[in-house]
Novice: 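Here it is: the structure, laid out below.
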Amino acid sequence: MLRFFRFSSIRTKMLMFAVVATLLPSLTTVWISYIENKRALQAKASEELLGVSAQAVREVDLWTKQLRYDLRVFSISYEVTENLERIPLVNSEPVRSGIYFKRLTDYINSVRVRFPDYAELLVLDHHGHVVATTAATPGPVPLAPDWATELTKNDWALGAPYWDSTGTRAEMLVAVPIESGRRTGRGAGDMRLLGALASRVSLRTVADTLRRFAPGESGQIYLMTRTGRLIVSSSGSSRELMRQGYSRDAANWLLAREGRAIQFGSFTGNRVVGSVRVVPALNWVVVAEIPSTEAFRQVARLRNVTLGIVTLLLAVVGALAYLLSLLIVRPLGRLAQAAGNVAKGDLAGDLPVTTGGEVGYLTEVFNNMVARLRESRTELERLSATDPLTGLFNRLRMMEALENEVRRSRRLHHHFTVVMADVDKFKRYNDEHGHPAGDVVLKRVAAIMREASRDVDFVARYGGEEFLIMMPETEIEGATKFAERIRKKLATERLPVGQITLSLGVSAFSMHGDAPDQLIAEADAALYLAKRAGGNRVVAAARPKVSAR
C-alpha cells in the first residue's frame, strides 16, 4: 500500500490517471454528437452535389454529342464534299472564287444561320488552309498540329477553349473530317481526307446548362480542363475567369477523387465541399461545389456549445493533469529531451537515475544504449573514412581533404601538389594470378605509399587500382621526385607471385588549376601520358603556356 501511494510504478500512475479520466465520457458524448451531426449534413450536401454534377455531366455530354453529330451530317453533304473537291488550287492554295467556292460558302452560311451556337463555320483543306468561312475575315484556327491524324483516328478534333476576340463569349473550335467517300469494308483504305468542317462553337449554352444545376444558395458549378484551367461557370463567364484555375497537381488530386464528395480549397481560396466528374465526350471536368460555411451552417451552433463544454472540461482535467505531470511527465520529459539530443547527434551526457520502478530501469537502459551508440559511432566514423582493403582513406574522405586544402592554399597563397598513381596492367595480373593475389598487390602499394609519405601528406585509394596522394606545401619538382621514389620502390618489390609496376601523374596548385576537379583532371591526364608511354614512369602535368602580348 505504501508503494502504491508513492507512485513508484508507472502501472499505479496510469491507474490514478484512469480515475481522473472518468470525467471524459461526457466530453466524448458531446464530441460524438457533434461529429455525427456534421457527418449527416455532409452526407446531405454530398448527395446534392453528386446529383447535380451527374446531371450537368449528362447534359453537357449530350450537347457535345449532338454538336458532333450535326457537324458530321453537314460534312458529308454533297454541297461540301463535291464543291470542296472541285475548287481549283494555285500554288497549293485554294482559289476563293468561282462557282464551287460560292456554292460552298452559301451552304455553310445557310447552316450557320440555323444554329445560333455556331459563331463561325469554316471549311479547311487537308493542309489546314481556310477554303471558305462564314466570317467576314478569317481568324486563326486553334487546332493542334496533328489535327488531321486526330480526325482520322477519332472522327473529330477539338481545339482548346478560348475567349473570342470580341470579348463577349467563350468558344472552342470543333472539326470533323470531310471525306471523298464513305468507309467500306473493315478498313479505311478507300477513304481520302479532303479536309475538315470546323465550327467556332459558343459555350454560352453550356454556361446556361451549368447555371440550371448550380447547387445550394451560393454554390456554383463550373467546367475546366484536366490541367485545371477554368472554362465557363454557373456564376458567369469572362476572360478573367478563363485565366484562373488550379495548379496541375491540385487538378490531379481532384481527378483522383472523381465521383466522391470531398472538402478542398477552391480556386478562389475558399474551403468548399464539392464533387468532380469528367465529361466523356469532351474529356473536360465538371466541378460542383458549395462553401463549407453554407454546408455546415446548422452545425455551427452545436460547435460553439461543444467548444464551451470542452473548454470547461479541459480546465478541470488540466488542473488534475498538472498535478500528475509532476509525478509522471517530469522523468519521462527528461528521457524525451535526452532522446532528442541523441537524435541530433549529441551522445555526450548520461541521465541521472533518481527514481525507482520502471522509469529508473528505463533510464539505466537508456544510458547503456547511449554508451553503445558512442562506441558504434566512433567505429562507424573510422569505417566511413577508410578503404576496408588497404586501410587508406577512401575517395569521399580524400575529396573533403582536397577541398579543404584548396581553400587553405587560396587563403594563404601556398602551394601543394596532387599525385595520381595507377597499377600497370593490373587486370592482366588479376587474370593470371587471381584476385587474392591482386588484393595483396594493392595492400603492398598502399603500404609503400604510406611509408614513403609524410605525416602531413594525405594518401587515399581513389578507386580500383588508382591511388591519390595530396602533398601540402610541396612544389611540383619535389612531388615528382617523391613519385619517382615510390615507382622505383615498387619496381624492385618482391611479391609472392609475379611483378608489378606503377605509373604516376603529378599536378600542382595553382599552376594546373585552383579547384579539386581541375587538379585531379590534370594529374589524371599526366598519368594517361605515362600509360601511353609504356607505363612504369612518372609524368608531371605540362606547364600552362604563357601567351605573348
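Only a predicted model underlies this, so the values are computations on that prediction, with no experimental measurement involved. For this chain, numbers begin at 1 and follow the sequence in order.
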Novice: Verify whether the ring centers belonging to Phe74 and Phe115 lie closer than 6.0 Å.
Specialist: yes
Novice: Is there side-chain contact between Arg169 and Glu171, with at least one heavy-atom pair below 4.5 Å?
Specialist: yes
Novice: Looking at Val286 and Val279, what are the two nearest heavy atoms and their distance?
Specialist: CG2-CG2, 3.6 Å
Novice: What pair of heavy atoms forms the shortest contact from Pro516 to Met399, and how long is it?
Specialist: CB-CE, 4.3 Å
Novice: In this structure, are over 12 heavy atoms from other groups packed under 6.0 Å from Arg248 atom CZ?
Specialist: no
Novice: Looking only at non-hydrogen atoms, find the nearest pair between Gln518 and Gly513 and report the distance.
Specialist: OE1-CA, 3.7 Å
Novice: Just so I know, are the side chains of Arg226 and Val285 near enough to count as touching, which here means a heavy-atom distance under 4.5 Å?
Specialist: yes
Novice: Does atom NZ of Lys531 have more than 12 heavy-atom neighbours from other groups under 6.0 Å away?
Specialist: yes
Novice: Would you call Arg407 and Glu405 a salt bridge, taking side-chain N to carboxylate O under 4.0 Å as the test?
Specialist: no
Novice: Could you tell me whether the side chain of Tyr429 reaches within less than 4.5 Å of the side chain of Val423, counting heavy atoms only?
Specialist: no
Novice: Just so I know, are the side chains of Tyr107 and Ser77 near enough to count as touching, which here means a heavy-atom distance under 4.5 Å?
Specialist: yes
Novice: Tell me whether Arg72 is salt-bridged to Glu179, with the criterion being a basic N under 4.0 Å from an acidic carboxylate O.
Specialist: yes
Novice: Crowded around Tyr162 OH? As in, over 12 foreign heavy atoms under 6.0 Å?
Specialist: yes
Novice: So, for Leu282 and Val60, which heavy atoms are closest and what is the spacing to 0.1 Å?
Specialist: CD1-CG1, 3.9 Å
Novice: Can you check whether Val278 reaches Trp284 side chain to side chain, under 4.5 Å on heavy atoms?
Specialist: no
Novice: Using the side chain to side chain donor-acceptor pair (under 3.5 Å) criterion, which residues pair with Glu465? Sequence neighbours excluded.
Specialist: none
Novice: Do Val206 and Thr209 make a side-chain contact, defined as non-hydrogen atoms from C-beta onward lying under 4.5 Å apart?
Specialist: no
Novice: If we only count heavy atoms from C-beta on, is the Phe393 to Asp387 side-chain gap below 4.5 Å?
Specialist: no
Novice: Considering non-hydrogen atoms only, spot the tightest contact between Pro94 and Val131 and give its length.
Specialist: CG-CG2, 3.8 Å
Novice: Check this for me: Glu47, atom CD, are more than 12 non-hydrogen atoms of other residues, nucleotides or ligands nearer than 6.0 Å?
Specialist: no
Novice: Which residues pass the ring pair (Phe, Tyr, Trp, His ring centres under 6.0 Å) test with His127, not counting sequence neighbours?
Specialist: His129
Novice: Assess the residue pair Leu158 and Glu150 against the criterion (side-chain contact (heavy atoms from CB on, under 4.5 Å)); give the C-alpha distance rounded to whole Å, side-chain angles, the decisive distance to 0.1 Å, and a yes or no.
Specialist: CA-CA 9 Å; Leu158 184 66; Glu150 187 72 14; over 6 Å; no
Novice: My understanding is that only residues two or more places apart in sequence, or in another chain, count here; which of them pass side-chain contact (heavy atoms from CB on, under 4.5 Å) with Ala523?
Specialist: Val418, Met420, Ser507
Novice: Looking only at the side chains, is there a donor atom on one of Asp70 and Gln66 sitting less than 3.5 Å from an acceptor on the other?
Specialist: yes
Novice: List in chain and number order the residues that pass salt bridge (charged side-chain N to carboxylate O under 4.0 Å, His left out) with Asp61, two or more places apart in sequence or in another chain; answer none if no residue qualifies.
Specialist: Lys65
Novice: Does Arg211 come within less than 4.0 Å of Asp208, counting only side-chain N to carboxylate O?
Specialist: yes
Novice: Once side-chain hydrogen bond (donor to acceptor under 3.5 Å, both in side chains) is applied, what residue pairs with a partner in residues 110-123 remain, sequence neighbours excluded?
Specialist: Trp63-Asp117, Asp117-Thr205, Glu120-Thr133, Glu120-Arg200
Novice: Using side-chain contact (heavy atoms from CB on, under 4.5 Å), reason through Leu89 and Glu93 one step at a time and then give a plain yes or no.
Specialist: CA-CA 5 Å; Leu89 300 176; Glu93 290 282 347; over 6 Å; no
Novice: Which residue pairs pass the side-chain hydrogen bond (donor to acceptor under 3.5 Å, both in side chains) test with at least one member in residues 212-225, sequence neighbours excluded?
Specialist: Ser218-Glu294, Gln220-Ser233, Gln220-Ser235, Gln220-Glu289, Tyr222-Tyr246, Tyr222-Glu289, Thr225-Thr227
Novice: Does the Lys NZ or Arg CZ of Arg395 fall within the cation-pi geometry relative to Tyr462 - under 6.0 Å from the ring centre and within 45° of the axis?
Specialist: yes
Novice: Looking at side-chain heavy atoms only, is the closest gap between Ile262 and Trp253 below 4.5 Å?
Specialist: yes
Novice: Inspect the contact between Glu85 and Arg192 and indicate whether a charged nitrogen and a carboxylate oxygen are less than 4.0 angstrom apart.
Specialist: yes
